[in-house]
Each structure stands twice: as C-alpha cells, then as structure tokens.
Protein chains: 2
Amino acid sequence: MGTLAGNLQEELMKLSTKGRYAVTAMLDLALHSGNGPITLAEVSSRQDISLSYLEQLFSKLRKASLVDSVRGPGGGYELKRPSSQISIAEVVLAVNEPISATKCNGKGGCQDGDLCLSHQLWTELSDQIYQFLSGITLEQVIQRQFVQKVAERQNHRFREEDVILFS
Amino acid sequence: MGTLAGNLQEELMKLSTKGRYAVTAMLDLALHSGNGPITLAEVSSRQDISLSYLEQLFSKLRKASLVDSVRGPGGGYELKRPSSQISIAEVVLAVNEPISATKCNGKGGCQDGDLCLSHQLWTELSDQIYQFLSGITLEQVIQRQFVQKVAERQNHRFREEDVILFS
DNA sequence: CTCAAAGTTGACTAATTTACTCAGGTATGG
DNA sequence: CCATACCTGAGTAAATTAGTCAACTTTGAG
C-alpha cells in the first residue's frame, strides 16, 4: 500500500483524534518540563489517555526525534528540543500514517487533465494547511501566541447562518 | 464572523480522505458550472469516485445548503452559492461527523485544571485551523489565490531537517 | 547483586469509520 | 410513459482507532 514515491509533498495532513492525543501529550510534557523525565504514567493519569496507547504514540514520537526516553527508575520522556522549536505539524505527522495525495498515481486515465487538476488543487491546499501548522509551536500554543486573526484575509462575506453549521 | 469570536467551539475539524472527496467533487462542480446542472455520473467518471459514494456525500452537501439538486432528465447538482462564497471549511464540515473536543465533558476529575488546560489549548488550536479553512473559498483554490506565505508569521526558526519530515 | 521501576516491542482485538455496493424508491422532462 | 437522474436506506469489506496483554530490556537504588 505504501507508495515509494520519491516526490515531496505527496502526503497529506490528517487531523483526527490520534493527532490530538499526541499533541495533548506533548503539551503535557512541555507544561511539566524542568524536573527531569516525565513518566507516561503521569501523562496518562493527567490527560486521561491509556498508558498502552501512549506507549504506542511515544514510540513514534521518539522515532521522529521529537522526544528522548530515559529508561529505568526515575526515567521517562522529555522533549528533545525546546517547546518553541517543535511545531504542531511535526507532532501530528509523527503519529499519523500520512495519506496519499494522488489516487491516480500509477493509473492511467489521468491524461484528460481534469482528474489531476483537482488532485493538484487539493495537494496545494493541504500544503497550505501544513505550512500553517508548521508555523505554530508547542510553546505558542501554551502561551496562546498563535495568530488570532488569521481569517481576516480576503473576501470574507459569509452570512451568519452559513457559519453556524460549525456547531 | 462575530459568532465565532465569543465562545470556543466544541467541535473539531477533521481532515481525512472523506473531506478530500467532497472538496474534489465541489471543485469539479465549480469548474464545470455554467451549463446547467451537472450529473453525479459526470463527476464520478471525471474524478474517479464511485457514484453511490458521491450520492451519500451530496446528500450531506445538500442538507448543508451547499448545493441544489434538480431531479429528472437533464437534472443534476449545482452550487447553491458562487464558488467565491463557499469555504473549504464548510465543505469538510458538511460531510464529516464532527468529533467532540472535550472528552471530559460530563465527567468529573476535571477540576485539577491540567486536563482542561490541554483540552482548551487543543480546542483553540482547532479553532485556528477552522478559521484558516474558512478563509479559503473554492474559487480561491481554483484561482490558486489562497495565501502563499502564510507561514511567515512569527519566530519561524525551524532548521531544514525539521521541516523536511513532511515527505 | 538484586529488585523494582520504567521504557520497548509485538501480537492481538473490539469498536468505529471509511468507502463503498445494492436494491429499491421518487420526481420529471421529453 | 419512460428513461434519466436524484433519493434513501440497508448492508459490508477494509482500514483505522484505541486500546489490551504479555514478555521483554535497561538501569537506579538499596
């Protein structure tokens, strides 16, 4: 299933509960840093995430070089870099198998252009989302410093009832 | 958008292939608008999405007032509003059952503050993502007018190798 | 050295979601 | 009428999520 595509940006952001768990756990680590490693048992009880599930997530976070592990008594996990240098995008991508952007990869029938156009548009959009999340660090989230008015860019003339379907 | 400014949303964005299918189909509709309704069969063959799956998606898109349907021969679907007034966020939210932001909703044990803090931080972040996608319309995607340099905001001091793990 | 605390790994699984198919409807233009 | 197209709901295989369980390895403290 995994395409060995050499191209960059063939993979998409995926935002689900899995990524939220990972970000929440990383925020917990950032919030409680300073006194040595933090055990997953602490994170588990504080954030109400099962210990075994955290172990899976942190296995991936470690492989992505986002955390360091210390074994033995007094051990635990700690951020490998300062929280100001770890982006949300990194955390989300570390735990998610990224989904393939192009369904039409090896397949034919993509010459008529239409198919590839939509794919490319979505890929570019996904890239924008990635850029956005890359610009937000754990520390910025904690300090609530991430931009407040990002949506005030262009013709933004939704009526009230259109917006409310968010609830 | 005064509505979103007040209280935080309790529902989160979810980005998966499902939303991509919906956006792709909506882009197809936008690209081929002007000659009356477009059949799902056309969209199906052009975008390589199964007809029955499209029917499910468009049922939700119609309930969300994003498309109008015309029955009978010569019928099909068309955008209810101009593509410049339909945001990506609307499309994605229309087809996804939104996931709950707060696991600790009715539960106790949320008094110690830590749990709720992480939840709130993630909720605020999710709100930012929503704001971001709300600011991008179908037309902007087609015209590729969505902001090119959204990530150049704050202390953006990632090293190269940190960013590249997107591949 | 021993023991217990912690991470590490892999196999397994129930529940849920995704991505469909199928079998019927209903509305409507020609 | 009748073919076309939307509409609805039931069902379902595959994948993902969100875990559990068992068996390790490493290491600090006593």
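Everything quoted here is computed from the prediction, not taken from an experiment. Just so it is clear: chains get the letters A, B, ... in the order the sequence lines come, proteins before strands, and each one is counted from 1.
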OP1 or OP2 of [N] under 4.0 Å from side-chain N/O of [X]:
X	N	value
B:Y77	D:dC7	yes
A:Y53	D:dG19	no
B:S50	C:dT21	yes
A:S69	C:dT8	yes
A:T39	C:dA5	no

Which listed nucleotide (C:dT18, C:dC22, D:dT17) is nearest to the side chain of B:N96?
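For B:N96, the side-chain atoms sit closest to C:dT18.
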Which whole-number value in Å describes the distance from [X] [atom1] to [N] [atom2]?
X	N	atom1	atom2	answer
A:K60	C:dT8	NZ	P	15 Å
A:E78	C:dG7	CD	P	11 Å
B:I49	C:dC20	CD1	C1'	12 Å
B:Y21	C:dT17	OH	P	18 Å
A:L51	C:dA6	CG	C1'	10 Å
A:D68	D:dT27	CG	C1'	16 Å
A:R62	D:dT25	CZ	C1'	12 Å
A:E42	C:dA5	CD	P	14 Å

Is there a path from B:V70 to B:L57 through hydrophobic residues (I, L, V, M, F, W, Y) whose side chains come within less than 4.5 Å of each other?
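They do not share one cluster, since no chain of ILVMFWY contacts under 4.5 Å joins B:V70 to B:L57.
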Establish whether B:Y53 and B:V23 are linked, either directly or via other cluster members, by ILVMFWY side-chain heavy-atom contacts under 4.5 Å.
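Yes, one cluster joins them.
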Over all strands shown, is A:F58 touching base, sugar-phosphate only, or nothing at heavy-atom distances under 4.0 angstrom?
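Nothing, no nucleic acid heavy atom in range.
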So which one's nearest nucleotide on DNA chain C is more toward 5', A:I38 or B:G19?
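With B:G19 and A:I38 compared, the 5'-side residue is A:I38.
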Under the rule for salt bridge (charged side-chain N to carboxylate O under 4.0 Å, His left out), what residues qualify as partners of B:K63, not counting sequence neighbours?
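So B:K63 forms no salt bridge (charged side-chain N to carboxylate O under 4.0 Å, His left out) with any residue.
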Is there a side-chain contact between [X] and [Y] in this structure, where contact means two heavy atoms from C-beta onward sitting under 4.5 Å apart?
X	Y	result
B:K80	B:V67	no
B:T137	B:Q85	no
B:L29	B:E78	no

Could you go through nucleotides 25-30 of chain C and list every protein N or O atom that sits under 3.5 Å from one of its N or O atoms, giving the distance for each pair?
{"from": "C:dT26", "atom 1": "O2", "to": "B:R71", "atom 2": "NH2", "distance (Å)": "3.1"}
{"from": "C:dA27", "atom 1": "O4'", "to": "B:R71", "atom 2": "NE", "distance (Å)": "3.4"}

Under 3.5 Å side-chain donor-acceptor pair for B:T39 and B:E42
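On atom types as modelled, these side chains qualify, holding a pair under 3.5 Å.
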By nearest heavy atom, map B:L40 and B:Q56 onto DNA chain D; which one lands nearer the 5' end?
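Closer to the 5' end of DNA chain D: B:L40.
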